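In what follows, a single structure is set out as C-alpha cells and then discussed.
None of the values given here were measured: they were computed from a predicted structure.
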Amino acid sequence: MNKVDKIAEFQGRYRFLSNFYPAYVTLDGSTYFSSEAAYQAYKSLDIAERMRFSELSAGEAKKQGSQIPLRADWEKVKFSVMERIVRAKFTQNPYLAKHLVETGDSEIVEGNTWNDVIWGVDLTTGEGQNNLGKILMKIRNELQENGVPEGEETNEIRCKSFDNGISVRLQDISRTKFECVVNEADETLFAGWSVFDAIHREAGEELIKECQTLGGCRITEAKITNGYNLAARYVIHTVSPHYGGTGDSFLLELTLRNILDLAKEKGIHSIAIPAIGCAKECFPNEEGTRIAAKAVVNWKNENPDYAIEVAFTCADPYVYKCFCEALT
C-alpha cells in the first residue's frame, strides 16, 4: 500500500477506519456489528436497551441512538467510551489492526460533509476537533509499539443453511474461505461500494492490475480474476442493473445466472455472493434479495449434475434477515 502524508476521508481503501465499517466488536458479553452500533448502545446504561443495538446495522443504530434518553454522565464519558470501542475493534480484528499499522505515520483525519466537528473535520470549513482520528492514531501507536494481536478472529457471526447447498452468512465477504467470492463493481471495474473496497483492500494491488486488463464489464456480465491475498482463489466481478430501469428484475436474475455459469465453466465448487444490486440507490433489500435467491435456486435446480455451495454473504444484519426470509 502506497504511503500518504494524510488520510483525509474514511473512504475507499480507508473505509475500514470508519465506525460504520462492518467489524464485529464484543463488549461486556455482547457482540455488535460495528463500532457505531456499540457506541450508540453505550449511550444507555440499561442492559436490555444495549442488547437491542446488538441486532442493528450501523445506520439503523445511529438513527435509533438519536432517539433514546442519554445516560446522565454521557458528556463526561463519551470520549473514553469511544476509545474503548475503537480499541476493541482493532484488537479483536487482527487483520484490521494490520491495516491500521500499515498507515505508518500518516495523519488520520475523519473528513466529512455532515458538519461533524467533534469527531472529525468539516471538509467545507476545515474546522473540527478530529477526536476519532486522534483515537485511531493513539491506538495505531500502541499497535506499532506492542505488535498486532495474534490469532484469527471469528468473523462469521451467523450462518443459516438451506436445501440444495445454499446458505446465508453474516460476515465480511472479503474474509470468507470459499473458493471464489463475487465482487460488485461499476462498469470500469475500478470502483464500487463497500464490498468492492473490502475485497480490493484484502486482495492487494495485484487485483486492480489484473482488472485493468479486462476491458471493463457490462451490466449483467461476469468476469474472473485471481484472488491474490484473499483467502478465496478467485474473484468473479460483475455489474448489477439499476433499480427502476427497464426489465431490472430480469437483468438482476440474469446477473446471478451469469455468475454461476462462469463458476461452473471454471470448475468452481464454492462461492460467496453479496447482496448484488442492493447497494446505494439500487434495489430495495427485500426485493433484491428475493430476486437473487430465486435466481440461485432456479439455476441449481436446472443444473442438478453440478455440485456448488452458494453462500449469500453480507455484513448487514437486516440484509441477512431478508435473504433468510427470501429462501424460507
Side-chain angles (χ1 to χ4, degrees), residues 166 168-169 172-174 176 178-203 207-228 230 232-285 287-300 302-303 306 308-316 319 322-323 326:
I166 301 174
V168 183
R169 296 168 186 262
D172 179 350
I173 194 171
S174 71
T176 59
F178 281 64
E179 191 176 355
C180 178
V181 297
V182 175
N183 174 38
E184 184 180 2
D186 68 9
E187 292 178 77
T188 68
L189 293 182
F190 302 149
W193 297 270
S194 57
V195 167
F196 176 95
D197 292 332
I199 287 176
H200 276 271
R201 189 193 65 249
E202 294 298 322
L207 179 57
I208 199 71
K209 290 179 181 178
E210 185 173 357
C211 286
Q212 290 171 348
T213 70
L214 298 180
C217 185
R218 297 188 300 272
I219 290 174
T220 75
E221 195 173 10
K223 293 191 174 183
I224 193 167
T225 65
N226 291 309
Y228 299 99
L230 290 166
R233 183 178 179 184
Y234 301 106
V235 180
I236 288 180
H237 308 264
T238 194
V239 181
S240 84
H242 295 290
Y243 179 67
T246 302
D248 53 3
S249 297
F250 168 77
L251 292 175
L252 182 56
E253 184 172 351
L254 180 61
T255 302
L256 272 295
R257 286 180 170 273
N258 287 342
I259 289 168
L260 294 176
D261 284 342
L262 181 56
K264 180 179 179 180
E265 177 187 332
K266 297 297 182 180
I268 292 167
H269 291 280
S270 65
I271 187 169
I273 302 177
I276 294 172
C278 294
K280 186 178 180 181
E281 298 180 351
C282 287
F283 287 78
N285 292 326
E287 185 171 353
T289 54
R290 177 182 55 78
I291 294 168
K294 177 184 176 183
V296 170
V297 169
N298 287 345
W299 187 94
K300 287 180 73 70
E302 294 163 10
N303 293 267
Y306 191 75
I308 182 170
E309 182 181 357
V310 178
F312 289 112
T313 306
C314 50
D316 187 312
V319 177
C322 289
F323 268 127

(request) Kindly write out the residues that satisfy ring-ring contact (aromatic ring centres under 6.0 Å, His included) with His200, not counting sequence neighbours, or none if the list is empty. (result) Phe196
(request) Mind checking side-chain hydrogen bond (donor to acceptor under 3.5 Å, both in side chains) for Glu302 and listing every partner two or more places apart, or none if nothing turns up? (result) Arg257
(message) Using side-chain heavy atoms (C-beta onward) and a distance below 4.5 Å, is Asp186 in contact with Val239?
(response) no
(message) Measuring only between side-chain heavy atoms, which start at C-beta, is Cys180 closer than 4.5 Å to Lys266?
(response) no
(message) My understanding is that only residues two or more places apart in sequence, or in another chain, count here; which of them pass side-chain contact (heavy atoms from CB on, under 4.5 Å) with Lys264?
(response) Trp299, Asn303, Asp305, Tyr306
(message) Any donor-acceptor pair under 3.5 Å linking the side-chain atoms of Glu202 with those of Tyr228?
(response) no
(message) For a quick test of reading the model, state the closest non-hydrogen atom pair linking Gly288 to Cys278 and the distance between them.
(response) CA-SG, 3.7 Å
(request) Check the side chains of Glu184 and Ser240 for a donor-acceptor pair under 3.5 angstrom, ignoring hydrogens and angles. (result) yes
(message) Restricting to ring-ring contact (aromatic ring centres under 6.0 Å, His included), what partner residues turn up for Phe312, sequence neighbours left out?
(response) Phe323
(request) Applying salt bridge (charged side-chain N to carboxylate O under 4.0 Å, His left out), run through Glu309 and Arg169 and close with a yes or a no. (result) CA-CA 12 Å; Glu309 182 181 357; Arg169 296 168 186 262; 3.3 Å; yes
(request) State which residues pass side-chain contact (heavy atoms from CB on, under 4.5 Å) with Ala295; sequence neighbours excluded, sorted by chain then number. (result) Glu253, Leu256
(request) Would you list the pairs meeting side-chain hydrogen bond (donor to acceptor under 3.5 Å, both in side chains) in which at least one residue belongs to residues 212-223, sequence neighbours left out? (result) none
(request) Give the C-alpha distance, both sets of side-chain angles, the deciding distance and a yes or no for side chain to side chain contact (heavy atoms under 4.5 Å, CB included) between Leu207 and His237. (result) CA-CA 11 Å; Leu207 179 57; His237 308 264; 3.9 Å; yes
